[in-house]
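A quick write-up on the structure given underneath.
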Amino acid sequence: MVGWAIAVHGGAGVDPNLPTQRQDQAKQLLTRCLKLGISALRSNLSAIDVVELVVRELETDPIFNSGRGSALTEKGKVEMEASIMDGLGRRCGAVSGLTTVKNPVSLARLVMDKSPHSYLAFSGAEDFAKQMGVEREENDYFITEDNLGMLKIAQEANSIVFDYRIPTIGYESCGLGAESPLRMNGLPINFYSPETVGCVAVDTQGRCAAATSTGGLMNKKTGRIGDSPLIGAGTYACDVCGVSCTGEGEAIIRGTLAREVAAVMEYKGFGLQEAVDFVIKERLDDGKAGLIAVSKTGEVACGFNCVGMFRGCATEDGFMEVAIWE
């Protein structure tokens with residue numbers, strides 16, 4: 001028996017001028033989801049069930065970029081993606097290009113449990129959702145007024161919005177104020193935008209699991225797939241740890257970030273926080289990202305190399321924290 005541990009995230013790379021009200025709303029949601037996961041772990045729910053439960057709750061609330069509240073493509077539609085992985089046997093399921101599935105993480109779980117495959121996308125994933133009888137909504141259900149406004153600004157700027165950022169060069173008329181001294185991917189960052197969600201957990205049996213869900217990038221090209229549904233990039237779990245990532249998807253993919261945490265623990269003998277710190281420092285090149293992780297021994301850790309990350313974590317010994325900044 002080991003102590004349980006859990007962590008949740010709502011995205012990395014936060015506008016330093018994010019209104020206090022937005023910060024409070026995000027913290028309240030993270031706290032609610034963290035308490036939901038804690039209660040489930042105390043009730044001896046398995047880690048894989050806990051991460052699905054928590055991410056479903058995050059997908060249902062429009063504050064972050066997953067499920068309802070997902071970012072919009074260049075065509076003003078929502079294309080969602082998610083993945084889930086059980087460290088026990090390294091079983092996994094992933095989905096991309098969803099337009100009607102209310103809870104993408106649960107469809108990913110069904111891909112893992114009820115199909116011979118690990119990954120289904122677009123029309124194939126939608127067909128599978130119909131076969132499984134999961135709850136579905138029209139695409140308009142997932143679209144919020146805030147995101148319609150951000151898409152308009154992004155299209156006027158002729159750019160993609162990364163995480164909590166939007167380029168504003170030459171677009172002072174958009175009402176975003178002076179150009180920010182902070183830069184991301186060569187572009188100034190000073191505008192709130194929703195981000196990826198994720199959860200990792202280890203139960204009292206030492207079983208680790210991870211799940212990640214997102215709508216992707218604002219103004220992304222139709223058909224773009226990020227790191228969140230890619231096993232080993234945005235999500236990974238094994239008998240050593242569980243990891244969920246957030247940030248610049250292309251950088252996370254290049255660095256196979258989630259798997260790298262497990263790899264340096266397995267092959268270098270690093271502890272969890274040491275592994276997280278190493279990966280954030282050495283495997284992101286010029287990319288900006290963050291991650292949360294748990295180990296089979298009940299440890300919890302997080303790391304990021306950007307302005308902030310919406311996150312919360314708790315362990316069986318009574319530790320609990322919800323934070324945004326360093």
Spacing of CG belonging to L230 relative to CD1 belonging to I225, to within rounding of 0.5 Å: 7.0 Å
Kindly indicate whether the side chain of [X], heavy atoms from C-beta on, has any atom under 4.5 Å from the side chain of [Y].
| X | Y | answer |
| --- | --- | --- |
| M80 | S213 | no |
| L291 | L257 | yes |
| L98 | V95 | yes |

Partner residues of D113 under the side-chain hydrogen bond (donor to acceptor under 3.5 Å, both in side chains) criterion, sequence neighbours left out: R91, R109
Partners passing side-chain hydrogen bond (donor to acceptor under 3.5 Å, both in side chains) against T235 (at least two apart in sequence or in another chain): S83, T212
side-chain contact (heavy atoms from CB on, under 4.5 Å) between R224 and L217, intermediate numbers included: CA-CA 9 Å; R224 182 263 185 183; L217 301 176; 3.7 Å; yes
Q273/D277 under side-chain hydrogen bond (donor to acceptor under 3.5 Å, both in side chains): CA gap, chis, key distance, verdict: CA-CA 6 Å; Q273 187 66 62; D277 292 342; 2.9 Å; yes
Indicate yes or no for a side-chain donor-acceptor contact from [X] to the backbone of [Y] under 3.5 Å, with no hydrogens or angles considered.
| X | Y | value |
| --- | --- | --- |
| R311 | M309 | yes |
| N65 | A71 | yes |
| E81 | G226 | yes |
| D285 | G287 | no |
| S39 | L36 | no |
| T256 | R259 | no |
| N147 | S70 | yes |
| S43 | L45 | no |
| N219 | T73 | no |

T100 and E126: CA distance, side-chain angles, deciding distance, side-chain hydrogen bond (donor to acceptor under 3.5 Å, both in side chains) verdict: CA-CA 8 Å; T100 68; E126 291 283 346; 2.5 Å; yes
Passing option when N103 is tested against E52, E59, R136 for side-chain hydrogen bond (donor to acceptor under 3.5 Å, both in side chains): E59
Steps toward side-chain hydrogen bond (donor to acceptor under 3.5 Å, both in side chains) verdict (T214, S228): CA-CA 7 Å; T214 189; S228 296; 4.6 Å; no
Any residue meeting ring-ring contact (aromatic ring centres under 6.0 Å, His included) with Y119, in chain and number order, not counting sequence neighbours: none
Nonpolar side-chain network containing Y267, other nodes, edges under 4.5 Å: none
Between the side chains of [Y] and [X], is the shortest nitrogen-to-carboxylate-oxygen separation below 4.0 Å, so that they form an ion pair?
| X | Y | answer |
| --- | --- | --- |
| D239 | R207 | no |
| K152 | E156 | yes |
| K220 | E74 | no |
| E135 | R56 | no |

All N/O donor-acceptor pairs, side-chain side in residues 317-326, below 3.5 Å, sequence neighbours left out:
from : atom 1 : to   : atom 2 : distance (Å)
D317 : OD1    : T315 : OG1    : 2.5
D317 : OD1    : F319 : N      : 3.3
W325 : NE1    : Q23  : OE1    : 3.4

Criterion side-chain hydrogen bond (donor to acceptor under 3.5 Å, both in side chains) on E79 and T99, from CA distance to verdict: CA-CA 5 Å; E79 289 183 357; T99 59; over 6 Å; no
Donor on one side chain, acceptor on other, D127 and Q131, under 3.5 Å: no
Row check, F278 ring normal vs R283 NZ/CZ: under 6.0 Å, within 45°: no
Inter- and intrachain pairs under side-chain hydrogen bond (donor to acceptor under 3.5 Å, both in side chains), touching residues 293-308, at least two apart: S295-T297, S295-E299, T297-E299
Where I280 and F304 come nearest, the two heavy atoms and their spacing: CG2-C, 4.0 Å
